[in-house]
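Have a look at the structure below before the remarks.
Just so we're on the same page: letters track the sequence lines, and every chain starts at 1.
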There are 2 protein chains.
Amino acid sequence: MSAPAAQQPRKPRGPYAKTKATRQRILDAALQVFAESGFRSGSLREISEKVGLSDAGLLHHYPTKAALLEAVLRHRDDVALRDFNIDLEDPRAVVQSFLDITERNMNQPGVVELYCTLSAEATTPDHPAHEFFTERYEWVRGLVVGAFERLAAAGSLNDGVDPRSAGIQLISLMDGLQVQWLLDRSALDMTVEVKRYLDGLARTPFIDPRRR
Amino acid sequence: MSAPAAQQPRKPRGPYAKTKATRQRILDAALQVFAESGFRSGSLREISEKVGLSDAGLLHHYPTKAALLEAVLRHRDDVALRDFNIDLEDPRAVVQSFLDITERNMNQPGVVELYCTLSAEATTPDHPAHEFFTERYEWVRGLVVGAFERLAAAGSLNDGVDPRSAGIQLISLMDGLQVQWLLDRSALDMTVEVKRYLDGLARTPFIDPRRR
DNA sequence: GTCTATAGGGGGATAGAC
DNA sequence: GTCTATCCCCCTATAGAC
């Protein structure tokens with residue numbers, strides 16, 4: 001779920017390019033390490049060990065640590081966008097997708113940890129992922145606020161619900177739930193909470209009954 | 001805002017104890033550094049430089065890096081608890097205090113950054129502040145859920161509002177707002193959003209009109 | 001495409017002098 | 001209570017061999 005698409009690294013020329021597979025393994029390992037320790041204290045050493053490569057071997061594929069981080073973030077977002085393939089013009093589908101993403105997230109705590117840790121770390125302006133996250137939040141906020149605005153215009157929201165606030169709050173809710181959930185997974189069910197929040201916004205539920 | 005109270009470091013015996021003042025300066029500097037960089041990549045070096053002390057001088061007051069972190073977190077919570085001095089038996093006062101804290105937070109982004117960064121970092125079980133945060137969240141959740149339960153019993157909540165969900169969501173909302181706010185302070189007003197969320201829970205507003 | 005070797009910098013913590 | 005000196009660890013990145 002990211003604004004611009006990513007450009008592929010480089011020439012996948014050979015007939016059976018092991019390169020692609022290696023890079024995939026690097027991304028997987030990097031995700032794990034950055035999720036566990038964040039960017040700053042996660043080390044290339046740990047990543048290269050996980051992959052079974054030397055440090056220099058790893059840096060052949062991604063020239064710097066920051067470049068590797070970029071690649072991990074963009075890759076995750078590309079995968080998510082492709083898997084869900086949301087119709088951005090349909091406000092109900094957009095809102096529904098937030099619930100779908102929450103549900104998926106409960107099955108991949110590693111990714112949740114990655115975004116939690118990194119988004120907090122990247123609030124500092126000099127962090128290599130700072131721009132990525134500011135742009136990402138701006139984009140997501142625009143997406144969901146737009147959806148709520150169209151729903152409001154169609155009279156589908158309760159009186160007194162401000163579309164922009166609802167968008168900001170939905171995003172905040174999801175982010176905040178993740179911290180509590182990561183700290184103690186038995187304390188709450190993220191899907192239930194998101195669903196309840198959405199149900200509170202409208203008399204007629206958003207959720208397509210065929211899907212849940 | 002923490003469950004157990006902290007024990008004071010040690011003997012403040014001398015008549016003009018510079019020790020106390022030094023430790024205060026250390027805590028202030030440590031807060032800044034841990035907020036900016038988190039625990040893992042924030043360095044004692046940077047802290048001791050800010051204070052104007054050598055590394056060893058700093059470690060005389062706090063024997064390890066983890067001990068220093070503990071002290072910073074407990075100190076902040078003690079200060080907040082003392083300043084607000086909430087009547088924990090009055091559910092309206094408890095809910096109101098969340099709004100007060102939000103308002104105060106908007107004037108001290110450093111503290112917000114500290115809790116954001118550290119709570120995310122500390123979701124990993126082996127982090128030195130892991131227990132601190134799990135216990136803290138458990139305690140806060142119990143506090144606010146209890147308040148909502150009493151409000152519900154008194155018929156002060158809208159129909160269909162689940163007290164436990166409302167508590168979990170209020171905390172999540174505050175945490176999530178902080179990330180978005182730190183990334184772009186012009187994007188939203190945390191106080192407004194918390195107030196709107198609370199207003200959505202009850203027909204009669206919680207907020208004491210004498211105070212806002 | 002991957003390796004070894006190495007440069008060059010920080011990091012936390014301890015010992016012992018003042 | 002604070003210092004200097006020191007230990008030994010881990011880190012990112014580059015150069016050049018295979």
Side-chain angles (χ1 to χ4, degrees), chain A residues 8-30 32-34 36-72 121 124 126-129, chain B residues 8-30 32-34 36-72 117-118 121 124 126-129:
Chain A
Q8 287 312 311
R10 268 190 318 165
K11 48 179 175 183
R13 51 175 177 184
Y16 18 104
K18 272 207 307 192
T19 299
K20 200 179 160 191
T22 304
R23 291 202 171 138
Q24 184 58 56
R25 278 168 43 233
I26 292 175
L27 289 181
D28 289 340
Q32 265 186 276
V33 171
F34 286 147
E36 272 273 317
S37 313
F39 171 74
R40 280 194 266 240
S41 66
S43 73
L44 292 181
R45 188 98 66 223
E46 203 180 338
I47 297 168
S48 56
E49 267 171 26
K50 265 196 162 67
V51 180
L53 233 57
S54 70
D55 293 10
L58 195 163
L59 287 169
H60 167 75
H61 294 282
Y62 298 97
T64 67
K65 195 188 180 190
L68 176 56
L69 176 66
E70 271 276 322
V72 171
E121 197 180 20
T124 306
D126 64 332
H127 193 281
Chain B
Q8 286 313 311
R10 267 191 319 167
K11 47 178 174 182
R13 49 171 179 188
Y16 19 103
K18 270 207 308 188
T19 299
K20 199 178 161 192
T22 305
R23 291 201 172 139
Q24 185 56 59
R25 277 166 45 230
I26 292 175
L27 289 181
D28 289 341
Q32 266 187 275
V33 170
F34 287 148
E36 272 273 317
S37 313
F39 171 74
R40 280 195 264 240
S41 64
S43 74
L44 292 182
R45 205 86 79 209
E46 200 181 339
I47 296 168
S48 56
E49 267 171 29
K50 263 196 162 67
V51 179
L53 231 58
S54 70
D55 293 10
L58 196 164
L59 288 169
H60 166 75
H61 295 282
Y62 299 96
T64 67
K65 195 187 178 188
L68 176 56
L69 177 66
E70 272 275 323
V72 171
T117 307
L118 283 180
E121 196 179 21
T124 306
D126 64 333
H127 192 281

**Prompt:** Taking A/Thr124 for the side chain and B/Glu36 for the main chain, is one N or O donor matched with an acceptor at less than 3.5 Å?
**Reply:**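 Confirmed, A/Thr124 side chain pairs with B/Glu36 backbone.
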
Specify the separation, in whole Å, of atom [atom1] of [X] and atom [atom2] of [N].
X: B/Leu53; N: D/dT4; atom1: CG; atom2: P; result: 10 Å
X: A/Leu68; N: D/dA13; atom1: CG; atom2: P; result: 10 Å
X: A/His61; N: D/dT14; atom1: NE2; atom2: C1'; result: 17 Å
X: A/Glu49; N: C/dC3; atom1: CD; atom2: C1'; result: 15 Å
X: B/Tyr62; N: D/dG1; atom1: OH; atom2: P; result: 12 Å

Report, one pair per line, the protein and nucleotides 9-12 of chain C atoms (nitrogen or oxygen only) whose separation is under 3.5 Å.
{"unit_1": "C/dG11", "atom_1": "OP1", "unit_2": "B/Ser43", "atom_2": "OG", "d": "3.1"}
{"unit_1": "C/dG11", "atom_1": "N7", "unit_2": "B/Arg45", "atom_2": "NH2", "d": "2.8"}
{"unit_1": "C/dG12", "atom_1": "OP1", "unit_2": "B/Leu44", "atom_2": "N", "d": "3.3"}
{"unit_1": "C/dG12", "atom_1": "OP1", "unit_2": "B/Lys65", "atom_2": "NZ", "d": "3.2"}
{"unit_1": "C/dG12", "atom_1": "OP2", "unit_2": "B/Leu44", "atom_2": "N", "d": "2.9"}

Identify all pairs in which a protein N or O lies below 3.5 Å from an N or O of nucleotides 15-18 of chain C, and state each distance.
none

**Trace of the side chain to side chain contact (heavy atoms under 4.5 Å, CB included) decision for A/Leu44 with A/Tyr62** = CA-CA 11 Å; A/Leu44 292 181; A/Tyr62 298 97; over 6 Å; no

**Prompt:** Does anything in residues 45-64 of chain B pair up under salt bridge (Lys or Arg N to Asp or Glu O under 4.0 Å), and if so which pairs, sequence neighbours excluded?
**Reply:**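 Pairs touching residues 45-64 of chain B that pass the test: B/Arg45-B/Asp55.
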
Nearest-0.5 Å distance, [atom1] of residue [X] to [atom2] of residue [Y]:
X: B/Leu68; Y: B/Ile26; atom1: CG; atom2: CD1; answer: 7.5 Å
X: B/Arg23; Y: B/His60; atom1: CZ; atom2: NE2; answer: 6.5 Å
X: A/Ile47; Y: A/Arg25; atom1: CD1; atom2: CZ; answer: 13.5 Å

**Sugar-phosphate only, base, or nothing, as touched by A/Leu58 at under 4.0 Å among non-hydrogen atoms** =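 No contact.
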
**Asked** Does a nitrogen or oxygen in the side chain of A/His60 sit under 4.0 Å from OP1 or OP2 of C/dG1?
**Response**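 Yes, because at least one side-chain N or O of A/His60 sits under 4.0 Å from OP1 or OP2 of C/dG1.
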
**Prompt:** Which listed nucleotide (C/dG1, D/dG1, D/dT4) is nearest to the side chain of B/Ser54?
**Reply:**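 For B/Ser54, the side-chain atoms sit closest to D/dT4.
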
**Minimum-distance pair of heavy atoms, taken over all atoms of B/Thr117 and B/Gly38** =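 Heavy-atom minimum between the residues: CG2-CA, 3.6 Å.
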
**Prompt:** B/Phe39 vs B/His127 aromatic rings, parallel, tilted or perpendicular, using cut-offs 30° and 60°?
**Reply:**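 Geometry flag for B/His127 against B/Phe39: perpendicular rings.
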
**Asked** Please walk me through it: do B/Gln32 and B/Asp28 pass side chain to side chain donor-acceptor pair (under 3.5 Å)?
**Response** CA-CA 6 Å; B/Gln32 266 187 275; B/Asp28 289 341; over 6 Å; no

